[in-house]
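Contents: one structure, followed by commentary.
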2 protein chains.
Amino acid sequence: MKKRELDSCPICHNLNIDDEESFLDDLKCAFRYYEKNDTIVLQGQLCDALYVLTIGKVRAETVSENGAIINVETVDAPRPLAPAFLFSDNNRFPVNIIALEDVEVIVIPKSEIVRLMMTNPDFMQNYLAHNANRTQFLTSRLQLLSIKTIKGKLAHYLLEMARNTDQPFIVDKNQSELAELFSVARPSLARSLSEMVQDGIIQIHRREFRILDINKMKNLIV
Amino acid sequence: MKKRELDSCPICHNLNIDDEESFLDDLKCAFRYYEKNDTIVLQGQLCDALYVLTIGKVRAETVSENGAIINVETVDAPRPLAPAFLFSDNNRFPVNIIALEDVEVIVIPKSEIVRLMMTNPDFMQNYLAHNANRTQFLTSRLQLLSIKTIKGKLAHYLLEMARNTDQPFIVDKNQSELAELFSVARPSLARSLSEMVQDGIIQIHRREFRILDINKMKNLIV
DNA sequence: ACGTACCTGTAACAATTGTTACAATCTAAT
DNA sequence: ATTAGATTGTAACAATTGTTACAGGTACGT
């Protein structure tokens, strides 16, 4: 593994220099290469090694029991794939992972990961931090989805983006992306937005938003 | 810390006996006791130590910006409280934690946790496994909530409970609890259930369910 | 057996969201 | 500048879900 790749990986960056040589020397790992549309991991497959996506882009999809694709997520290198599942009691991949372009994956056996953690505190904390951040992401996503109305979701989302100021701010998603994030239909989202504008709660110009009435906004979150 | 408490804690059980003495001897930790309705942790509070709930029961609640309580979860001892957030970049508690009865909490500084992990592989793997299981739980919860229709959620849930058999099975939640899990209103859930019965997809007698048409069931999950 | 509290079934109506379709506007490449 | 493609606004109507209310069923303690 080259140093460049090492540094760019979220669980391998900022490691103590002294450790880095021994870190690299003995690491047992396999390099795998895939082409577009290759299947890298099959849903349900045993997960006994860490898959680190170092080059390229993949799609992670959940397939329901009748074959319909429920959930899709695109993952860009560099990132570990499903690092939490390596240590879970039910250690099987929850998704299919498919190459969207030419891809390099480094496969590191679980035993090696454990060894690295035991010998390198920085690596261990990186790993923990990465999983922790993932948990936080999932928690906030769950909180968003458990708000029942579209306006409630918008209020929650926009208040976070605005950070308690009444200054205008730019939202980095278009309506379609927002609708997907909220798991609602795009025209419904547009309707809710225009109703909030009519009610004098917000102002919108393209992707620039401004909160006019913070209290009404907060009351939308039930 | 007594051995009994140690064993019952999900991140401390099954530790190597040899290590156990040294594990206990040097552990710097504080015991804290709370009465009913005491606040143990305030949302937003810095999280630089692991809080292990060893005795009692607590409520974890998310409070929205207008003061309304959005999300509630009850946690029984023994369990660590928000163990993932100890290592996250934004290491603040995401919830208020309030004692529901007399409670004992052991507070272990982050540095101690790191030391334990570095010296005790079993402890480290327990910790990782616990966080991983939590991630899995959140992932499946998220998957459930992102299904848009009540019947779809029911199908997903019931198919998992039935485990691909056509044998009757008991659901361990009543309709109100199911409705809360799905984040829908109870009468709406009842209506969906009775429509599924009318359509010959399932049979219900109290909490005993039976799947009559697996294919129709699977097609409900979009 | 009786009453109480809880759970379930159901109905009428309101509110919200989805669907589909199309026009208007913006963006970026030629 | 022009055009193709993406994004946004909007409308009519369908479908789903929420709300409220009440009746009947069940479990449980007295």
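Below, chain A is the first sequence line, B the second, and so on; all start at residue 1. Quick caveat: nothing in here was measured; it's all calculated off a predicted structure.
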[X] [atom1] to [N] [atom2], straight-line distance once rounded to whole Å:
X	N	atom1	atom2	value
B:L193	C:dA11	CG	P	15 Å
A:L154	D:dT8	CG	P	13 Å
B:R207	C:dC6	CZ	P	14 Å
B:K148	C:dT16	NZ	C1'	15 Å
A:I202	D:dT8	CD1	P	13 Å
A:R191	D:dT16	CZ	C1'	13 Å
B:L220	D:dT17	CG	P	11 Å

Step through the shown structure and confirm whether more than 12 heavy atoms of other residues, nucleotides or ligands are within 6.0 Å of NZ on B:K110.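 Yes, the 6.0 Å shell around NZ holds more than 12 heavy atoms from other groups.
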Crowded around A:Q45 CD? As in, over 12 foreign heavy atoms under 6.0 Å?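 Count over threshold, so yes.
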Within residues 168-189 of chain B, find the residues that approach DNA chain C with a heavy atom at under 4.0 Å, and present them sorted by residue number.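 DNA chain C contact set from residues 168-189 of chain B: B:N174, B:Q175, B:R186, B:P187.
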Quick one: do A:K151 and A:E195 make a salt bridge, cutoff under 4.0 Å?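 A salt bridge is present here (some side-chain N lies under 4.0 Å from a carboxylate O).
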Indicate yes or no: does B:R32 engage B:E104 in a salt bridge with an N to O separation below 4.0 Å.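 Salt bridge: no.
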Report all side-chain donor-acceptor pairs from residues 129-137 of chain A shorter than 3.5 Å, counting only partners two or more places apart or in another chain.
from, atom 1, to, atom 2, distance (Å)
A:N133, OD1, B:D89, N, 3.1
A:N133, ND2, A:A129, O, 3.3
A:N133, ND2, B:D89, OD2, 2.9
A:T135, OG1, A:N131, O, 3.0
A:Q136, NE2, B:S88, OG, 3.3
A:Q136, NE2, B:N90, O, 2.8

Mapping A:I150 and A:H205 onto DNA chain C by nearest heavy atom, which one lands closer to the 5' end?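 First, find each residue's nearest nucleotide; the 5'-ward one identifies A:I150.
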Going by the angle between their ring planes, with limits at 30° and 60°, are A:F31 and A:Y33 parallel, tilted or perpendicular?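 Parallel, since the angle between the ring planes stays under 30°.
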Any donor-acceptor pair, under 3.5 Å, between the side chain of B:R206 and the base of D:dG25, if you only look at N and O atoms?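 In this structure, the two groups form no donor-acceptor pair.
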